[in-house]
2 protein chains.
Amino acid sequence: MSRTEHNGTGRRRPPTIHDVAREAGVSRGTVSRVLNGGHHVSPAALDAVRSAIRRTGYTVNRHARSLITGRSDSVAFLLTEPQERFFEDPNFNVLLRGCTAALAAHDIPLLLMIAGTEAERRRNMRYIAGHVDGVLLVSSHSGDPVAAQLHEAGVPLVACGKPLGQGSKVSYVAADDLGGARDMVRYLYASGRRRIATVSGPLDTPGGVERLAGYRATLAECGLPYDEALVVPGDYSRAGGEAAASLLLERAPDIDAVFVGSDLMAQGVLTTLERAGRRVPGDIAVGGFDDSPAALAARPELTTVRQPWDRISAEMVRVLLAQIGGEDPAAVILPTELVRRDSA
Amino acid sequence: MSRTEHNGTGRRRPPTIHDVAREAGVSRGTVSRVLNGGHHVSPAALDAVRSAIRRTGYTVNRHARSLITGRSDSVAFLLTEPQERFFEDPNFNVLLRGCTAALAAHDIPLLLMIAGTEAERRRNMRYIAGHVDGVLLVSSHSGDPVAAQLHEAGVPLVACGKPLGQGSKVSYVAADDLGGARDMVRYLYASGRRRIATVSGPLDTPGGVERLAGYRATLAECGLPYDEALVVPGDYSRAGGEAAASLLLERAPDIDAVFVGSDLMAQGVLTTLERAGRRVPGDIAVGGFDDSPAALAARPELTTVRQPWDRISAEMVRVLLAQIGGEDPAAVILPTELVRRDSA
DNA sequence: AATGACGCTGTGAGCGTTCACAGTAGAGAA
DNA sequence: TTCTCTACTGTGAACGCTCACAGCGTCATT
């Protein structure tokens, strides 16, 4: 005997909490209590309600709930990168996938917002205030005022990577960029390299400055001189890597290793080196950063530093939900791992 | 003189339609009418309300609205690919970006849902029914029952690529795969190639079968024999391309061209050919499909078929919104374009 | 036996909108 | 003038839920 009434044309009105209450022989209040943890509900009532929910196929109307609770039970994933990077950089996919999954486990949908243009930025900001419980922010450039704005508006917020110049007020989760760079440079040194250059990330991004700092500190640690000619800032793109390597080769033809701030740039570096007739890793060792799919796509496959994206996304969600729950902002730094392949 | 009251600690209660009404000296009803198109509102009232909205910083509470209208004014982007592909394939990013932007123009947020596992699939289905106005579906494998389920549940739906075996009931937007394959094979033929092999996409995806059909038809058109040994199905991955090329070289060492069903696979094909000592395009021409970033990353750069992703995403959104608005399902096929680079 | 505490339950109010309806005023037609 | 029509406006009701409160038994304590 089917309780769910048939439905010839189109969708029918979905069951409400009233329907469940009637079906279970209890009141709305009791059903609501079951829905929200089941405290102060007798075992008998609990059973009756649960089975009524199953029979009716009831799902809560989140709009009605949000209307009264003031929460929206949804979270925005806000991306303020220039769009070329989003298209090119596989790290975003991994991060996005991870956050979606972590949120799904809490039954919280992820609203994707991309702010390439100024108009989009404004629209997103307007939407976020009041329609979303919190924001996962991905925007590496420190010039971006969005973190400050959101923080000021009192919106719970977790950034991916330490936002430069925001003081210590906003939560973030980041890989240990400095440590990762150190591991790579140590490794290059240990394998006999003595003229180690670097192509850094943009110096207005935390990854750019931190990895460069790690490079510099490790050079000192190894007793190698710091030579400005060996440092070229890139832009995290493949083409940027190609250009940086050309410059490097011109300035210092005698280099025997390059630590590159991202795998994508490292791919570009490899291209330039190949064109210049340098063998990798024979003549020059190349170390990347990220361990993205690009590392495996490169020839030779890249020795690189793995960013723990799965843990990063999981932590971002954990910290954000904690903050929505009233806890204080937190900073989380996760260890990286050196991945040895063929390029160094 | 600031009307927005100050707010020392945390967020304050946002202004409601009542506040606006009072501020403008009209009733809720009038404000509501202004919010919904401004019909049947006098110019004076319109002005008063608009300026009141500006002064109070009012934004509508979408939950309250949704509660009564029954609409949610949001759309799900549902991805049911195995996750490796999502991580590797840059096409998704372009599509996602395009859909987000197109929806944003209508002030409709995009809920990202990824169904890698069965549990995720169920959760997403439960969420979608009742919480979302429509679905943009990206799942190329026809075995996937999700399109049928959604369609049956009466959820407005647009697929990316023709869903195999769904009859003609569900809307879709696709590139002209057949035409694109035809252009590529014609081009290879025109440049003197006579033993043209192909690495197709998976044969349970529309792209796989359509492009293969185009290849086959054009061979016939050119008077070339169809040789089963020259056809190897791939899996859209780079590694799959490598394997397919090995098989091809083994079966038919005399081939002088390969039409590959995706750029990513073409990258793999190039790797294998290079290892085997074949020169591209000297010995063997290679044609890709997609014109993704991978085409530019390949060496030599890929001659390929451009999928008009920006138009695809825009059309998907247009068709979906039309369908939500009550129109009938529609199929849209968009032209592709041959992009000549270095590999053929 | 009376009191308090506690666990469970039902009820009314209200969240911020939209919608249908009724009412008003002004313009044009008879 | 009177009537009708139209354009505009305000008012209750409702959407489906949670929350605070009050009621009611039951048990332990005084």
Once hydrogens and angles are ignored, does a donor-acceptor distance under 3.5 Å link the base of D/dG10 to the side chain of B/R33? yes

When only distance counts, do a donor and an acceptor, one from the side chain of A/R28 and one from the base of C/dT11, lie under 3.5 Å apart? no

Using whole Å, report how far CG of A/D73 lies from C1' of C/dC15. 15 Å

From CZ of B/R65 over to C1' of D/dC17, roughly how many Å is that when rounded to an integer? 20 Å

Rounded off to whole Å, could you give me the CG-to-C1' distance for the B/L67 and C/dC19 pair? 13 Å

In whole Å, what is the span from the NE2 atom of A/H40 to the C1' atom of D/dT18? 15 Å

Minimum heavy-atom separation for B/L137 and B/L157, please, with both atom names. CB-CD1, 3.7 Å

Check each of A/V41, A/V20, A/I17 against A/S32 using the side-chain contact (heavy atoms from CB on, under 4.5 Å) test, and report the only one that passes. A/I17

Side chain of B/S42 only, please: which of C/dT17, C/dT11, D/dT9 is the nearest? D/dT9

Take atom NE2 of A/H131 and atom C1' of C/dG16, then tell me their distance rounded to the nearest Å. 12 Å

Ring geometry between B/H131 and A/H63 (parallel below 30°, tilted from 30 to 60°, perpendicular above 60°): perpendicular

When you match A/I68 and A/A45 each to their closest nucleotide on DNA chain C, which lands nearer the 5' end? A/A45

Does any donor-acceptor pair link the side chain of B/R13 with the base of C/dG16 at a separation under 3.5 Å? no

Please report, rounded to the nearest Å, how far the C1' atom of D/dC17 is from the NE2 atom of A/H18. 9 Å

Could you check how far CG of B/D47 sits from C1' of D/dC8, rounded to whole Å? 16 Å

Report yes if a side-chain nitrogen or oxygen of A/T69 is closer than 4.0 Å to either non-bridging phosphate oxygen (OP1 or OP2) of D/dC19; otherwise report no. no

Within a 6.0 Å radius of atom CD on B/E118, are there more than 12 heavy atoms belonging to other residues, nucleotides or ligands? yes

Taking only N and O in the side chain of B/N61, is any of them less than 4.0 Å away from OP1 or OP2 of C/dC15? no

In terms of the nearest nucleotide of DNA chain D, which residue is placed more toward the 5' end: B/G29 or A/I17? B/G29

Between B/S32 and C/dT17, is there a side-chain N or O to OP1/OP2 distance below 4.0 Å? no

Picking from C/dT18, D/dC17, D/dT9, the nucleotide nearest the side-chain atoms of B/S27 would be D/dT9

Value in whole Å for how far the P atom of D/dC17 lies from CG of A/N36: 11 Å

Flag side-chain contact, heavy atom, 4.5 Å: B/L78 against B/T80: yes

